[in-house]
Amino acid sequence: MTEELSKVYEPKDVEAQAEQIWRQGRYFHADATSQSPHGTYTIVIPPPNVTAALHLGHALNNTLQDILIRFRRMQGRNTLWMPGTDHAGIATQTVVEKQLLAELGKRRTDFGRDEFLAYVQSWKDEYEIRILAQLKSMGCSCDWDRTRFTMDEICARAVREAFFKLFADGLIYRGKRLVNWDPATQTVLADDEVEHQTVQGHFWYLDYPLETPVQIDGKTIEYITVATTRPETMLGDTAVAMNPADPRAKYLVGKMVRLPIVGRIIPVIADEHVVLSDAQSDDEKAKFSTGFLKVTPAHDPDDWQIGQRHSLAVINIMAPDGSISDKFGWTDWQQIKNPDVENLIGMDRFEAREAVVEWFRQENLLAEVRPYTHDIGHSYRSHVPIEPYLSDQWYIAVKQPITNLRFTIADCRFETEKHDGVTYIKGTNVPVNSLAGLALGPLLDERLKFYPERYSKNYQNWLENLRDWPISRQLWWGHRIPVWSSGKSPKDLDPQKACIKQFQNEQGDTVYYVCTAPDCPDIERSLLQQGFVQDQDVLDTWFSSALWPFSTLGWPEETPELKTFYPTDVLCTAREIITLWVSRMVMMGQYCLGQIPFADVYIHAMIQDGQGRKMSKSLGNGIDPLVAIDSHGADAMRFTLASMTTDTQDVRMPVCEITLPDGRVVNSSTKFDNGRNFCNKLWNASRFAMMNLAGTNPDDFRPRSLDVCDRWILSRLAGAIRETTDALENFRFNEPLNQLYRFFWNDLCDWYLEWAKPRLADPAQKPVVQNVLAFVLDQTLRLLHPFVPFITEGIFGNLNQIVPSRRLPGVADAPSAPALVVAAWPSPLDELIDPVAECDISLVQNVIRAVREIRNKYNIPPAKILDCSVQAPREQAAVLSKAKELIRSLAGIGVLEIAEDLKKPNSAAAAVVDDLRIYVRDVIDSDSERRRLLKQKQFLCDGVTPLRKKLDNQAFLANAKPDVIRQTRDKLKELADQLDAVEKLLAELEE
RNA sequence: GGGCGGUUAGCUCAGUCGGCUAGAGCGCCUGCCUUACAAGCAGGAGGCCACAGGUUCGAGUCCUGUACUGCCCACCA
């Protein structure tokens with residue numbers, strides 16, 4: 001068997017082998033009907049978008065989740081890691097549209113809805129397969145049998161149910177919203193599809209005549225001047241706003257203005273949003289401002305807000321193609337129409353801009369034109385300026401109290417306050433029993449915890465300032481909104497299965513909206529027959545994501561999965577979606593099931609490149625996880641990612657180009673070398689162990705025959721078990737990995753294995769060394785498994801064949817298992833923690849290091865056997881004498897004399913280490929000796945001075961803890977003694 | 001504009017409750033192919049802990065400010 005292990009670790013072989021073991025054993029599959037005495041442990045994967053293959057951030061996130069899942073599985077929990085993907089509405093539709101445009105030169109509107117969706121579906125199929133394959137090659141131990149997709153039948157049913165419930169509870173309403181409209185392609189754009197371009201434009205200063213002139217400081221004011229970059233929108237002005245702090249405000253607010261061209265009479269209002277005019281200001285806005293702002297609620301987001309605050313009329317003057325039109329919500333057209341306005345109808349918005357400016361110029365109302373450079377949002381598709389465009393959208397009311405919730409307000413364990421009959425979360429305008437309150441409450445009473453804790457502030461701020469959630473999207477790819485509408489009242493509907501609401505449409509007519517429950521095709525048919533039409537829009541992609549922790553488990557059915565695995569345990573995700581996603585899952589989990597979907601939220605760091613930039617496609621600085629897996633192995637990648645995971649916000653990973661064997665030049669990072677080196681070391685140490693473990697028999701083990709180095713390595717192992725377990729329970733990843741790295745490499749490989757070599761050759765010691773080694777290796781593999789699952793599984797299989805039983809009778813046990821993935825997590829071995837052995841071995845190591853240093857400094861070949869004397873206080877001399885062989889074997893010593901009282905031999909090099917005086921005999925090089933000793937003298941002097949100063953300081957003696965004072969005294973004595981010894985040696989050298 | 005981080009060795013990062021002469025990996029230097037591993041072994045060099053104040057017997061650690069740097073959100077008449 002041992003011969004089969006290659007000299008260098010070959011990740012591909014081991015990965016394939018381990019993967020097969022896991023698949024055949026169905027170890028990732030969670031049984032919803034089985035009961036584990038240790039409880040359950042559940043994670044739902046943050047479903048990756050099907051837009052593209054996974055990047056390194058995904059690799060990090062999923063590595064961490066897998067570490068947690070494997071850890072808990074080994075602890076005996078009934079463990080479920082639910083995998084799946086997200087349809088990612090607009091993002092996916094956009095990439096497919098881009099592709100179709102590039103490859104076929106066609107737009108979405110050139111296809112029918114179903115035809116286009118077929119293209120998106122095939123894109124999704126392709127990427128879903130790729131993503132799941134990527135997760136598998138990373139070693140993710142998801143329950144693949146349960147893989148979900150946010151638009152599959154089960155999730156879709158949950159979406160329908162949740163929507164119906166919200167609709168029936170009156171939490172969904174029709175409201176107006178300004179969307180990013182692309183007049184060229186006539187589509188709505190998401191905020192991140194808007195490209196900001198700096199353009200050279202103008203500020204036009206337009207005079208609006210007051211209905212009646214106003215006297216200010218003895219001057220008669222007939223006009224007020226507004227400044228605008230978009231004169232054409234003035235046709236839709238419904239007010240002029242000024243800052244209440246403006247000295248002119250008291251004369252002007254409340255007065256009326258006659259809007260030029262249109263003749264509409266509009267008020268002057270006060271709003272703090274308006275920037276005061278200040279020509280000297282550094283603020284661009286203040287410099288250009290006149291103090292008067294024209295307010296066009298239908299065509300500007302800020303003006304929309306102002307309009308809301310002051311209940312202003314909203315007048316839309318544009319058609320969807322960006323031309324001036326009276327047909328799309330110009331509500332006072334009949335009253336105001338006149339030849340000047342009619343002239344403008346049909347003009348493109350830019351044409352109209354010129355015409356409007358020209359009109360003002362001819363009427364002598366154009367006060368000034370100034371050049372102005374500013375950013376304008378442009379469509380990433382057509383590259384024309386986007387138009388804020390008013391439209392009717394579906395909203396979820398997030399701050400509306402909900403009456404029929406499963407909890408009572410009295411149950412709240414956080415502070416509340418009541419006014420106007422509504423109970424609010426204290427200090428906020430968030431009702432306790434609103435959706436926002438449902439999400440915020442659990443944070444306040446600590447049912448919901450963030451790691452690192454600081455992210456809870458993000459979550460809290462967002463929820464406290466939350467506005468209603470617009471949920472409709474003018475897309476084709478997504479969950480179609482389950483609402484049918486008609487101007488006529490519906491008939492013969494079962495109120496259990498259909499909910500009817502009335503809202504006004506864009507033209508102000510009353511419309512009946514019917515939402516149907518899931519699985520009611522008969523009702524939908526009936527609605528169609530009655531002339532109802534289904535809403536064209538789809539739901540915001542976060543709507544289905546919000547249900548993910550329970551839609552994946554089969555909600556609203558009372559499935560065994562839901563009973564067993566909900567609520568889940570931890571959500572592990574990136575910080576940019578704390579608000580968009582995490583808060584909404586909590587909201588909907590509370591609303592739909594009355595329970596938060598998870599108690600812990602772990603937010604991982606963002607991986608940046610070597611220059612601190614976000615990894616992105618456009619910068620070309622991203623690293624493909626599959627490349628790292630190819631070049632270094634999945635375990636190496638995982639090791640490196642986990643070892644970088646502290647609770648910092650960002651981590652940097654220097655990126656370099658490498659050439660793969662197949663000739664591709666790709667991005668990678670030397671950081672992965674760390675992981676690969678570790679795996680190689682693990683591989684070879686295990687190989688060495690197994691070369692020597694044949695015939696190991698626990699029955700030959702006698703606790704009494706444990707050597708000090710055996711007790712030492714078991715003590716170190718016990719420490720590693722304790723700290724690794726503790727760290728993983730608290731979402732710390734790099735700490736346990738560093739700890740295991742040091743234990744495995746520095747303790748086990750550098751020392752224990754080296755000592756084991758001669759001991760294995762000694763028939764008297766061989767059984768104890770074999771049993772200890774087999775046991776320690778076994779436990780090390782278990783501790784490392786969550787981090788580097790493939791290689792540990794592979795080695796575990798070999799170990800099982802060579803040493804089927806790794807018990808230390810009377811000391812410790814390692815329950816056998818068919819595969820490491822389901823092997824028991826190491827039990828605490830605190831009784832094996834042995835401070836005496838640790839101290840003794842440290843002494844031994846110091847002697848060995850001292851001899852090695854002399855050997856190096858004197859250029860003595862490693863193979864040359866040296867004779868050595870060590871002078872030590874009685875107790876330490878006794879310890880060293882017992883460990884003579886340990887010292888001799890690793891320091892290359894022939895004769896080793898250890899005594900309490902001993903003179904420095906002639907022509908010996910000397911080392912002073914703590915209380916020890918170490919003499920390496922028959923080595924003469926007084927120059928090297930002097931250099932070494934002088935350096936040590938300097939070191940000791942540097943140490944002694946501040947300690948003396950401290951102890952001379954009365955304030956220190958008066959205030960410091962007694963322990964600290966004692967430690968300082970001890971340390972000073974220790975250093976002073978050594979300094980004496982070094983000075984003595986130097987003096988002898990001069991003789 | 002609002003919020004949240006970071007700045008420690010050439011690079012990437014640890015550093016717990018404020019307390020021993022500040023640590024690791026990579027890179028660098030010296031010597032070793034010592035039959036587990038050169039992806040390795042042994043040894044070594046390398047630090048004004050960003051800057052300026054403050055609190056304290058004592059500050060990399062706590063407080064205030066400055067500079068630089070990054071992330072998230074909002075907005076840009």
Side-chain angles (χ1 to χ4, degrees), chain A residues 5 7-9 191 196 203 226-230 233 241 273-275 284-285 288-290 292-296 300-303 372 374-377 452 454-455 457-458 461-462 465 575-576 578-579 606 608 610-614 632 636 643-644 646 648-654 669-671 673-674 676-692 734-735 738 741-742 749-750 753-754 757 849 852-857 859-863 890 892 939-940 942-947 950 953-961 963-965 967-968 970-971 974-975:
Chain A
L5 292 179
K7 191 169 168 178
V8 169
Y9 170 54
D191 288 345
H196 289 273
F203 249 114
V226 298
T228 179
T229 57
R230 300 197 51 200
T233 63
H273 173 79
V274 180
V275 175
E284 281 279 292
K285 271 189 206 165
F288 283 89
S289 170
T290 62
F292 297 99
L293 176 67
K294 62 188 272 308
V295 183
T296 324
D300 182 279
D302 280 332
D303 293 10
Y372 184 60
H374 60 150
D375 282 350
I376 297 285
R454 64 174 178 277
Y455 292 114
K457 206 175 273 183
N458 271 24
N461 287 344
W462 192 76
N465 301 304
R575 69 175 174 283
E576 67 261 25
I578 290 172
T579 52
M606 201 193 59
Q608 302 176 336
Q611 282 110 62
R613 300 174 305 178
K614 199 170 174 171
H632 290 76
S643 70
M644 287 168 41
T646 61
T648 178
Q649 190 167 272
D650 313 303
V651 288
R652 289 188 190 192
M653 178 171 267
S669 176
T670 55
K671 279 263 188 182
D673 294 352
N674 292 350
R676 184 199 51 190
N677 293 357
F678 179 80
C679 290
N680 190 54
K681 186 77 178 175
L682 178 59
W683 183 256
N684 277 295
S686 306
R687 193 162 64 95
F688 167 77
M690 287 186 284
M691 286 163 89
N692 291 283
N734 90 312
E735 237 172 84
N738 286 343
Y741 183 96
R742 282 193 300 273
C749 292
D750 292 349
L753 288 186
E754 293 304 324
K757 285 174 185 175
R849 288 199 186 99
R852 283 171 173 175
E853 194 198 333
I854 289 171
R855 197 186 273 281
N856 255 282
K857 282 276 146 63
N859 273 320
I860 302 166
L890 292 201
F939 176 82
L940 291 167
D942 290 349
V944 162
T945 313
L947 293 178
K950 235 181 198 180
N953 181 352
Q954 289 309 310
F956 173 71
L957 296 175
N959 292 305
K961 280 177 280 187
D963 256 11
V964 172
I965 296 172
Q967 274 173 27
T968 310
D970 291 352
K971 187 73 193 172
E974 199 184 308
L975 292 186

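Residue numbers begin at 1 in each chain, while the letters A, B, ... track the order of the sequences.
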What pairs with [X] under side-chain contact (heavy atoms from CB on, under 4.5 Å), at least two apart in sequence or on another chain?
| X | result |
| --- | --- |
| A:Pro862 | none |
| A:Thr945 | none |
| A:Asp650 | A:Arg575, A:Met606, A:Gln608 |
| A:Thr290 | A:Tyr205, A:Thr225, A:Ala227, A:Phe292 |

Distance between C1' atoms of B:rC62 and B:rU55 (Å, rounded):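 It comes out at 8 Å once rounded to the nearest Å.
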
task = Please measure how far the C1' atom in B:rG25 lies from the corresponding atom in B:rG40, and state the result in whole Å.
result =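 Pairwise C1' distance, B:rG25 against B:rG40, rounds to 15 Å.
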
Who passes side chain to side chain donor-acceptor pair (under 3.5 Å) against [X], sequence neighbours left out?
| X | answer |
| --- | --- |
| A:Asp942 | A:Gln938 |
| A:Arg230 | A:Glu232, A:Glu387 |
| A:Asp963 | A:Arg966 |
| A:Lys971 | none |

Under 4.0 angstrom, heavy atoms only, what part of the nucleic acid is [X] near: base, sugar-phosphate, or nothing?
| X | answer |
| --- | --- |
| A:Asp970 | nothing |
| A:Thr968 | nothing |
| A:Thr670 | nothing |
| A:Asp300 | sugar-phosphate |

Worksheet entry | Exercise: identify the closest heavy-atom pair between A:Ala685 and A:Cys749 |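 Nearest pair, atom of A:Ala685 first, then A:Cys749: CB-SG, 3.7 Å.
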
B/S/- along nucleotides 31-39 of chain B (protein heavy atoms under 4.0 Å) is -S---BBSB

What is the distance, to the nearest angstrom, from the [atom1] atom on [X] to the [atom2] atom on [N]?
| X | N | atom1 | atom2 | value |
| --- | --- | --- | --- | --- |
| A:Asn465 | B:rG1 | CG | P | 19 Å |
| A:Arg855 | B:rA42 | CZ | P | 13 Å |
| A:Tyr455 | B:rG3 | OH | P | 17 Å |

Do any N or O atoms of the protein come closer than 3.5 Å to N or O atoms of nucleotides 69-72 of chain B, and which pairs are they?
residue, atom, partner, partner atom, Å
B:rG70, O2', A:Gln608, NE2, 2.7
B:rG70, N2, A:Gln649, NE2, 2.6
B:rC71, O2', A:Arg575, NE, 3.2
B:rC71, O2', A:Arg575, NH2, 2.6
B:rC72, OP1, A:Lys614, NZ, 2.6

Can you work out whether A:Lys457 or A:Asn674 has the more 5'-proximal nearest nucleotide on RNA chain B?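 Whichever sits nearer the 5' end wins; that is A:Lys457.
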
Checklist entry - More 5' along RNA chain B: A:Ala227 or A:Arg849, using each one's nearest nucleotide? => result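 Looking at the nearest nucleotide for each, A:Arg849 comes out on the 5' side.
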
| query | Side chains of A:Asp970 and A:Gln967: does their closest heavy-atom pair fall under 4.5 Å? | reply |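 When only atoms from C-beta onward are counted, A:Gln967 and A:Asp970 do not touch, as no gap falls below 4.5 Å.
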
Does the side chain of A:Lys294 get closer than 4.0 angstrom to OP1 or OP2 of B:rA77 through an N or O atom?
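For B:rA77, OP1/OP2 do not have a side-chain N/O of A:Lys294 under 4.0 Å.
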
* Do any side-chain nitrogens or oxygens of A:Thr646 fall under 4.0 Å of OP1 or OP2 in B:rA14? ->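 Yes.
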
Every protein N/O within reach of nucleotides 16-24 of chain B N/O, cut-off under 3.5 Å:
residue, atom, partner, partner atom, Å
B:rU21, N3, A:Phe939, O, 3.2

For RNA chain B, which consecutive runs of 3 or more Watson-Crick or G-U pairs (each distance under 3.5 Å) count as stems?
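Expected stems, ordered by start: B:1-7 with B:67-73, B:10-13 with B:23-26, B:28-32 with B:40-44, B:50-54 with B:62-66.
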
